[in-house]
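Single-structure report; data block below.
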Amino acid sequence: DLTDIDFVDRDVTAEISVGAGNLQVDVPEEVTVVLDAQVGAGQVDAFGEQSSGLGVHPLPTDHGEPHGGTLRLTLQMGHGNVEVNRECAR
């Protein structure tokens, strides 16, 4: 859960690697996310777009607000599911 991090006017890089299982990453609404998600076998659901199968490697960028900052997020999963969502309005 990355929703409590202040990305305003910052460029942040994060990498997460998981062998098998499920990985869910929640990001703040205002940050632009440059996503590199690699899954050997499984599914990626990023900002409502889904890809599944073998060798899944979608590269979507989801734009946030001006001055909301940028998160360059690299996710690697051997076998399983990856999900990236915007935080829900509180």
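Values below: all heavy atoms of this structure, side chains included; hydrogens, waters and symmetry mates excluded. Residue numbers count from 1 along this sequence.
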State, with a plain yes or no, whether a side-chain heavy atom of [X] is found less than 4.5 Å away from one of [Y].
X: Arg72; Y: Asp11; result: yes
X: Leu23; Y: Leu75; result: yes
X: Gln50; Y: Asp45; result: yes
X: Thr61; Y: Thr32; result: yes
X: Leu2; Y: Leu71; result: yes
X: Val84; Y: Phe47; result: yes

Trace of the side-chain contact (heavy atoms from CB on, under 4.5 Å) decision for Leu73 with Asp36: CA-CA 6 Å; Leu73 184 59; Asp36 180 1; over 6 Å; no

Note to self: Walk me through whether Glu87 and Asp26 qualify under side-chain contact (heavy atoms from CB on, under 4.5 Å).
What the structure shows: CA-CA 6 Å; Glu87 73 177 321; Asp26 296 319; 5.5 Å; no

For Met77 and Gly21 the tightest heavy-atom approach is CE-O, 3.5 Å

Correct closest heavy-atom pair for Ala46 and Leu35 would be CB-CD2, 3.5 Å

With a 6.0 Å cut-off (strictly less than), is the heavy-atom count around CD of Glu65, excluding the residue itself, greater than 12? yes

* Asked: Are Val33 and Ile5 grouped together when hydrophobic residues (ILVMFWY) are joined by side-chain heavy atoms under 4.5 angstrom apart?
  ->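 They do share one cluster, since a chain of ILVMFWY contacts under 4.5 Å joins Val33 to Ile5.
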
Grouping I, L, V, M, F, W and Y whenever their side-chain heavy atoms are under 4.5 Å apart, do Val31 and Val12 come out in a common cluster?
yes

Under 3.5 Å, is there a donor-acceptor pair between the side chain of Arg86 and the main chain of Pro28? yes

_Looking only at side-chain N and O atoms, does Glu83 offer a donor or acceptor that is under 3.5 Å from a partner on Asn85?_
yes

